[in-house]
There are 2 protein chains.
Amino acid sequence: MREEASESMQDYLKNIYLIIRERGGSVSTSELAKKMRVSPPTVTSMLVKLGERKFVKYEKYKGVKLAKKGEIIALEVLRHHRLIETYLVEHLDYDWSEVHEEADILEHHISEKMELRIANALGNPKFDPHGAPIPSADLSSIAKDETTRLGEHISGDIVVIERVREREKEELQYLARIGMVPGKQVEVESVAPFGMVTLTNENGTHSLPKEIAMSIHVKKI
Amino acid sequence: MREEASESMQDYLKNIYLIIRERGGSVSTSELAKKMRVSPPTVTSMLVKLGERKFVKYEKYKGVKLAKKGEIIALEVLRHHRLIETYLVEHLDYDWSEVHEEADILEHHISEKMELRIANALGNPKFDPHGAPIPSADLSSIAKDETTRLGEHISGDIVVIERVREREKEELQYLARIGMVPGKQVEVESVAPFGMVTLTNENGTHSLPKEIAMSIHVKKI
DNA sequence: TAACTTTATTAGGCCTGTCTAAATATATAT
DNA sequence: ATATATATTTAGACAGGCCTAATAAAGTTA
């Protein structure tokens, strides 16, 4: 299936999927352009192409959504991405904060056979090292997100970190260093009006900009 | 270093290296075209480009050789290829006859970090599962080939298979099935003038076309 | 060595994915 | 409701890597 779309197309489909899964609705040209680091006209022409090939539903000036075919490809690529991340951490001694770039490339280049072998070697995991759900082998299901964002919580809430979304490697390394990793417990100290959240965990007290706090998925306890 | 050449360029450099290492001299346009399954004009234009960028020494109508820069890239890609093949066999349960295609793609896409991790996980091997030598991490050395070809031997010679060169997967699988794999002992029964070699190993007696026999590297005992 | 065959190069075109500049549609604010 | 600002699309160009058809060089043979 994935072979029907070029590497670049796979990337567009994956990113459309990720944005929509994140907050629903449809994706605008500029949003996608920013996420993929290309110019808006490049996005427009790609969306036209993806629309013609029935990977997406695209209407001029109205944004884009995935069609069934496109969603399958997005899930396939995402499964590869997250299995690779998991494999790198479990078997090749990578830190969870540094696997993203490698997976972003390799996700397009492993065979179905390799996907299977990796999944077996890992015991068919359902979540990757960031805590993100891995689509099932038949791409029919992906664990539902039951989490809230750390940035949505209010002073006094005590939460457990479930996952940390993909961001720049440096940001993830910083978060790892201050103990903001999946599985850890955190208390919200205060939420400042100008977008700063102060937290306490076993390492002490830290402040994070709201944008970062929104990338940390948690469960209240 | 490898990043200076596109994926396609890396492939040309690797194949030039392999052909020259095989039999010395320089490589002709048509030979490269055949090996890479592209048309001769495509090769010509690529050689011009590689020449301009000082990856190869190319003179019109005179064939091509690698320049220092090109050889380094070829060795880097080859190291990746052979480490990946080894890794797939040792850690992901692949058979040695089916690793080539996967490695041919992934060799261009793993990072330096991943190369290192894979090499460490394997204990820095010097040979891949086909018996082919793996260039050293600094690309300064590659085990010299001390073998002869099975197809060069005469009736009565007893040899041990050292390696089996990369060929179509189906051919390698056939060879594996009849026990023609690295480490096994073989006796040359007869060599027919029309290019057929008859051999006996622990599995019985088999005949192979000379072309295939030339792909099997051995040591006489 | 002249004729012929084989090999290689030049010429010109195509597709993909990208870009910038210009034009146009939509959204916002007065 | 109109003017302005922002988002998006259209137009046109370019580089990379491939192709086929035509031409030219090299190699071979009578």
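By convention in this document, chain letters (A, B, ...) are assigned in the order of the sequence lines, proteins followed by strands, and residues within each chain are numbered from 1.
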Which atom pairs link the protein and nucleotides 3-6 of chain D when you take only N or O atoms and keep those under 3.5 Å?
none

Give the table of side-chain donor-acceptor pairs shorter than 3.5 Å for residues 56-73 of chain B, with sequence neighbours excluded, one pair per line with atom names and distance.
{"residue": "B:Lys57", "atom": "NZ", "partner": "B:Leu66", "partner atom": "O", "Å": "3.3"}
{"residue": "B:Lys69", "atom": "NZ", "partner": "B:Arg53", "partner atom": "O", "Å": "3.0"}

Under the side-chain contact (heavy atoms from CB on, under 4.5 Å) rule, collect the residues that match up with [X], sequence neighbours excluded.
| X | result |
| --- | --- |
| B:Val188 | B:Leu150, B:His153, B:Asp157, B:Val191, B:Val197, B:Leu199 |
| A:Arg37 | A:Glu168 |
| A:His206 | A:Ile178, A:Asn201, A:Asn203 |
| A:Leu116 | A:Asn120 |

Sequence neighbours excluded - ring pair (Phe, Tyr, Trp, His ring centres under 6.0 Å) pairs with any residue from residues 125-148 of chain B =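 Those involving residues 125-148 of chain B are B:Trp96-B:His130.
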
Protein N or O to nucleotides 7-13 of chain D N or O, pairs below 3.5 Å:
{"residue": "D:dT8", "atom": "OP2", "partner": "A:Ser30", "partner atom": "N", "Å": "2.9"}
{"residue": "D:dT8", "atom": "OP2", "partner": "A:Ser30", "partner atom": "OG", "Å": "2.4"}
{"residue": "D:dT9", "atom": "OP1", "partner": "A:Tyr58", "partner atom": "OH", "Å": "2.3"}
{"residue": "D:dT9", "atom": "OP1", "partner": "A:Tyr61", "partner atom": "N", "Å": "3.0"}
{"residue": "D:dT9", "atom": "OP2", "partner": "A:Thr29", "partner atom": "OG1", "Å": "2.8"}
{"residue": "D:dT9", "atom": "OP2", "partner": "A:Thr44", "partner atom": "OG1", "Å": "2.7"}
{"residue": "D:dT9", "atom": "OP2", "partner": "A:Tyr58", "partner atom": "OH", "Å": "3.4"}
{"residue": "D:dT9", "atom": "O4'", "partner": "A:Tyr61", "partner atom": "OH", "Å": "3.4"}
{"residue": "D:dT10", "atom": "OP1", "partner": "A:Lys60", "partner atom": "NZ", "Å": "2.9"}

Sequence neighbours left out, what passes side chain to side chain donor-acceptor pair (under 3.5 Å) with A:Arg79? Give chain and number order.
->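 A:Arg79: side chain to side chain donor-acceptor pair (under 3.5 Å) contacts with A:Glu115.
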
Taking side chain to side chain donor-acceptor pair (under 3.5 Å) as the test, write out the residues that go with B:Ser6, two or more places apart.
->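 Residues passing side chain to side chain donor-acceptor pair (under 3.5 Å) with B:Ser6: none at all.
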
Using whole Å, report how far [atom1] of [X] lies from [atom2] of [N].
| X | N | atom1 | atom2 | answer |
| --- | --- | --- | --- | --- |
| B:Arg37 | D:dG17 | CZ | C1' | 18 Å |
| B:Leu32 | C:dA8 | CG | P | 10 Å |
| B:Leu50 | D:dG17 | CG | C1' | 12 Å |
| A:Lys49 | C:dC14 | NZ | C1' | 13 Å |
| B:Lys34 | C:dT6 | NZ | P | 15 Å |

Between A:His109 and B:His108, does the ring centre distance come in under 6.0 Å?
->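 That pair fails the under 6.0 Å test.
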
Heavy-atom contacts under 4.0 Å between residues 2-27 of chain A and DNA chain D, which residues?
->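 Of all residues in residues 2-27 of chain A, none places a heavy atom under 4.0 Å from DNA chain D.
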
Scan residues 5-18 of chain A for pairs that pass salt bridge (Lys or Arg N to Asp or Glu O under 4.0 Å), counting only residues two or more places apart or in two chains.
->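 Found A:Asp11-A:Lys14, A:Lys14-A:Asp104, A:Lys14-A:Glu107.
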
Any side-chain N or O of B:Ser39 less than 4.0 Å from the OP1 or OP2 oxygen of D:dC18?
->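 For D:dC18, OP1/OP2 do not have a side-chain N/O of B:Ser39 under 4.0 Å.
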
Does atom NZ of A:Lys126 have more than 12 heavy-atom neighbours from other groups under 6.0 Å away?
->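 No, the 6.0 Å shell around NZ holds no more than 12 heavy atoms from other groups.
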
